[in-house]
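Report on one structure; see the data block that follows.
Only a predicted model underlies this, so the values are computations on that prediction, with no experimental measurement involved. Order of the sequence lines sets the chain letters (A, B, ...), proteins ahead of strands, with each chain counted from 1.
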Amino acid sequence: MKIVFAGTPDFAVPPLQAIYKAYGSDLVAVVTQPDRPQGRRGILTPSPVKEEALSLGLPVLQPERLRSDRDALARCGADLMVTCAYGQILTQEILDLFPMGVWNLHASLLPAYRGAAPIPRALIDGCRETGVTVMKTELGLDTGDMLLSAKTPIYDSDDCGTLEERLSRLSAELAVEALAMIGEGNFSLRKQGEGFVCKKVQRTEVDFAKSAREVSCLIRGLSPAPFAYARIGALTLNFWFAEEVPCEADVPAGTVVGASPKEGLVVKCGTGAVCVTELQPAGGRRMSARDFLNGGKVREGMRFERLS
RNA sequence: CGCGGGGUAGAGCAGCCAGGUAGCUCGUCGGGCUCAUAACCCGGAGGUCGCAAGUUCGAAUCUUGCCCCCGCAA
């Protein structure tokens, strides 16, 4: 059973490694997005999947548009393709290249959170549980029939980074399990029910008028990128992590009610308060709230203000 | 030449604009108080002020060049 793997970001690396480990040279090619300009100086950077594929000695394809470059893919002569956060929409022509189908690893419990950013979205929405689904790709966006899924709880200590890492490892396990079933032809598929699509997440200004849980979930869902941020005085702060804390103080939402190195940066919300434990001022490095407060730039009683 | 912030004790910062004995908060070490403490009080150690050159009697501070870090935007 010859396999092609298509993926791009860090999330797809563990699945790639797991499939390589299980199938070795039957993994005949890796497809990934073209190198893109990254960072402040716009340096052309290969995707994490490309780097891993090269270090495993696997052939790499990175067409600008897969649909208009199907010949190279056809020449691989693979029986099936596994996709994982590849980043391009497949066409029927592409799907038809693989007699045993195209299978997608998706980081949600489908049919919830189809589309671009299932992990941060689940976190932002305050879900208590999420997971990974293996599905057979069809033309609709993540609407194909499901083969396998696995769940994991979302903890209050999770941010997008930790959750993504956990789901990535789950995906890797699930991928190997799924391939075994497909290889033996011993499986059945389940239809998806009514679901919904989620969009890519953007950098977002925190609205402290919302509940402490909403604020905390937003901060954790957007960390470690693209971040929830807020302005206080002349400073803009990117928040890396925050937890909910009880708060009796009768002050406007956004007011700093705790700014000692001991208690951390505590900010009043619509209901309750959040304690920011890890943050990054614009221009500065990531630091603990404790270190930040030692600088003395933010004191109790100051207030986060939204401009717009 | 995309816009911008920054490099001062182990950490986070002030001092720079109007050059002249290195400061704050925290940590750390020692001592004290206490039944006790992450609390409180007293004391100490710890800094080539990113690098180089220049101006000056004198540069963390002014000028020039270089290195490094970071936020936004792509």
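- The list of ring-ring contact (aromatic ring centres under 6.0 Å, His included) pairs with a residue in residues 172-204 of chain A, not counting sequence neighbours, reads A/W103-A/F187, A/Y113-A/F196.
- Dashed line: the shortest gap from a side-chain N or O of A/K297 to OP1 or OP2 of B/U25 is not under 4.0 Å.
- Checking B/G27, B/C40, B/A11 against the side-chain heavy atoms of A/R290 singles out B/G27 as nearest.
- Side-chain contact of A/R67 with A/T91: a donor-acceptor pair under 3.5 Å is absent, judged by distance alone.
- Using a 4.0 Å cut-off between charged nitrogen and carboxylate oxygen, A/D156 and A/R213 count as a salt-bridge pair.
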Between the protein and nucleotides 71-74 of chain B, which nitrogen or oxygen pairs are less than 3.5 angstrom apart?
from	atom 1	to	atom 2	distance (Å)
B/G71	O4'	A/G283	N	2.9
B/G71	O3'	A/N238	ND2	3.3
B/G71	N7	A/R40	NH1	2.7
B/C72	OP1	A/R203	NH1	3.1
B/C72	OP1	A/N238	ND2	3.2

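- Neither side chain, A/Q192 nor A/T143, offers a donor N or O lying under 3.5 Å from an acceptor on the other.
- More than 12 heavy atoms of other shown residues, nucleotides or ligands fall within 6.0 angstrom of atom CD in A/Q92.
- Looking at the side chain of A/R285, the nearest of the listed nucleotides B/A11, B/C40, B/C69 is B/C69.
- Taking atom CD on A/E263 and atom C1' on B/A39, their separation rounds to 14 Å, with Å as the unit.
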*What is the per-nucleotide protein-contact pattern of nucleotides 42-47 of chain B, from the 5' end, where B denotes a base atom under 4.0 Å from a protein heavy atom, S denotes such proximity for sugar-phosphate atoms only, and - denotes neither?*
------
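- If you measure from atom CE of A/M287 to atom C1' of B/G5, you get 12 Å, rounded to the nearest angstrom.
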